*Asks:* 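Before I ask anything, let me first share the structure, which is written out below as structure tokens.
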2 protein chains.
Amino acid sequence: MPDKPAFLKENQQFFSVNRDNAEAIVEPLELGKRVREIRLSQNLTLEEASKLTGLARSTLSKIENEQISPTFTAVNKLVKGLGIDIPQLFTQPKKKSPASGGRRDITRRGEGKPHPTPTYEHELLATQLSSKKMIPFKTTVRTHSWDEYQDWIRHDGEEFLYVLSGSIMFYTEFYEPIELVAGDSAYYDCEMGHALVSTSKKDAEVLWVTA
Amino acid sequence: MPDKPAFLKENQQFFSVNRDNAEAIVEPLELGKRVREIRLSQNLTLEEASKLTGLARSTLSKIENEQISPTFTAVNKLVKGLGIDIPQLFTQPKKKSPASGGRRDITRRGEGKPHPTPTYEHELLATQLSSKKMIPFKTTVRTHSWDEYQDWIRHDGEEFLYVLSGSIMFYTEFYEPIELVAGDSAYYDCEMGHALVSTSKKDAEVLWVTA
DNA sequence: TGGAAAAGTTTCCTAAAAGAAACTTTTTGT
DNA sequence: ACAAAAAGTTTCTTTTAGGAAACTTTTCCA
């Protein structure tokens, strides 16, 4: 699995979909249950699991009952002791009912999940679906000068870019910069350094899809 | 400079990310470093990351410097706030494969490769590149009535759809039809039957990306 | 059934994480 | 080069996790 830019990574499987602002208490949805399932599936008692993991049996109990939020160290001990692998721990053994063959996620204009950065104003699309092959997002390019970048943006994968409005200068590591206007598009390897700058008076808007 | 916390001393921890694999890939984990990389890759300061995650900036600093072992709750806030996905946290960033690397393909407005069908007028984009992960194309939806389809369109993969102009009715096999207007988007599994019909007077234009 | 042993939970304490703010270092603007 | 601001680190306090042991519930066998 290729690395994608961090902010593109999907996290829906762990959290209730909550686009309301901030505070929402972020709790691992049922990490405890998951641990208990795994332990029981191996026919282990708390005592045995305790010996295997090095965590006190009381601690295990509390984790399973979600009375505490284990430290990262504790999670590691669990993983190591019970031979869990990470995705197993964090992935809900979800309803595979619609066979994953029939998913659909609509995002209305402006209803994506905002993700601001100093240079870009991203709006993540289709955030209801996890484990997608592609990550689509709409971006307002606030930068108007190359100087605002300290360095190339660079990550794994391939990217498709379509200019929705305005115009941009498309900088890439191995090519001459090229100006793109509304309707133009580009496809490129993300390991190659890249960056966008608005050249229109108004911030340009682009649609981006990463895979 | 305080002593390293206990969890780092006792914890020359390595763990398996993939146990199915005979020689499981075992790596030392340096959560703090990873977090810092990710944060910096997004050009965020501790202060900004703090706002995004709800964790104190001092806490973030300590996590990044591996002075503390974050609780699972904290990890979740990180994940949500920075848009990380969990496995990413547990895997070392891959070394760049010397593979394809630095390709780029620009398609000017209207300069794509035409591909007409009875119902759609496709314009394939980025046709200079082969072996892409995604296939982008711009389509004019000429159909104005469902009757013009004999059957569902159905094929492998996943598709992302963005309405550039006009409006369409988006029919899918397992959902009620839904109208999409300029700026709306959809992501769906292509094995599920699907079809578009223009509902605006003028033929609607959509951008499609398949993977 | 009863009662002992095993399994699991809760309590209580200490050790460690999270947050606020003071402090230090780095960056920026003139 | 300097001062001011921003970014990052450390200190100090509060809150919470982790472990030992007491306590409660379940299991199982006479």
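Chain naming here is simple, since letters A, B, ... match the order of the sequence lines and numbering starts at 1 in each. Bear in mind that the values here come from a model prediction, so they are computed numbers and not experimental data.
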*Asks:* What is the distance from atom CG of B:Leu55 to atom CG of B:Leu60, rounded to the nearest 0.5 Å?
*Replies:* 5.0 Å

*Asks:* Run through B:Tyr162, B:Tyr175, B:Tyr188 and flag the one making a ring-ring contact (aromatic ring centres under 6.0 Å, His included) with B:Phe170.
*Replies:*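 Result: among B:Tyr162, B:Tyr175, B:Tyr188, B:Tyr188 is the only option passing the ring-ring contact (aromatic ring centres under 6.0 Å, His included) with B:Phe170.
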
*Asks:* Is A:Arg39 near enough to C:dG8 that one of its side-chain N or O atoms lies under 4.0 angstrom from OP1 or OP2?
*Replies:* yes

*Asks:* Is the A:Trp208 ring parallel, tilted or perpendicular to the A:His122 ring (thresholds 30°, 60°)?
*Replies:*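 Ring orientation of A:Trp208 relative to A:His122: tilted.
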
*Asks:* Atom CD1 of B:Ile168 and atom CG of B:Leu180: how far apart are they, to the nearest 0.5 Å?
*Replies:* 4.5 Å

*Asks:* Would you say D:dT9 has OP1 or OP2 under 4.0 Å from some side-chain N or O of B:Gln67?
*Replies:* no

*Asks:* What is the separation between atom CG on B:Leu40 and atom P on C:dT27, rounded to the nearest whole Å?
*Replies:*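 Spelled out: CG on B:Leu40 to P on C:dT27 is 12 Å.
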
*Asks:* Atom CD1 of B:Ile68 and atom P of D:dG18: how far apart are they, to the nearest Å?
*Replies:*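 Going from B:Ile68 (CD1) to D:dG18 (P), I get 13 Å.
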
*Asks:* Starting from P on C:dA18, measure out to CG on B:Asn76 and report it in whole angstrom.
*Replies:* 12 Å

*Asks:* Can you tell me how far CD of B:Glu158 sits from CG of B:Asp189, rounded to the nearest 0.5 angstrom?
*Replies:*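 So the gap between those two atoms works out to 5.5 Å.
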
*Asks:* Are any of the side-chain nitrogens in B:Glu66 or B:Lys33 under 4.0 Å away from the carboxylate oxygens of its partner?
*Replies:* no

*Asks:* Using a cut-off of strictly less than 4.0 Å between a heavy atom of the residue and any atom of DNA chain C, enumerate the qualifying residues of residues 52-63 of chain B by number.
*Replies:* B:Gly54, B:Leu55, B:Ala56, B:Arg57, B:Ser58, B:Thr59, B:Lys62

*Asks:* Check whether any side-chain nitrogen or oxygen of B:Arg36 sits under 4.0 Å from OP1 or OP2 of D:dA7, and answer yes or no.
*Replies:* no

*Asks:* Under a plain distance cut-off of 3.5 Å, with no hydrogens placed, do B:Glu123 and B:Thr139 share a side-chain donor-acceptor pair?
*Replies:* no

*Asks:* Return the value, rounded to whole Å, for the distance between atom CD of A:Glu66 and atom P of C:dT9.
*Replies:* 12 Å

*Asks:* Starting at CD of A:Glu47 and ending at P of D:dA20, how long is that distance when rounded to a whole Å?
*Replies:* 11 Å

*Asks:* How close or far is atom C1' of C:dT24 from atom CG of B:Leu46, stated in whole angstroms?
*Replies:*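 One finds 14 Å between C1' of C:dT24 and CG of B:Leu46, rounded.
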
*Asks:* Using the side-chain heavy atoms of A:Asn65, tell me which of these nucleotides is nearest: C:dG8, C:dT9, D:dA17.
*Replies:* C:dT9

*Asks:* Using atom NZ of B:Lys51 as one end and atom P of C:dA20 as the other, report the distance to the nearest whole Å.
*Replies:*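 It works out to 13 Å between those atoms.
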
*Asks:* Considering only side-chain heavy atoms of B:Ser69, which listed nucleotide, C:dA17, C:dA7, D:dG18, is closest?
*Replies:*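 Looking only at side-chain atoms, B:Ser69 lies closest to C:dA17.
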
*Asks:* Once you apply a heavy-atom cut-off of 4.0 Å, does B:Glu64 come out as touching a base, just sugar-phosphate, or nothing?
*Replies:* nothing

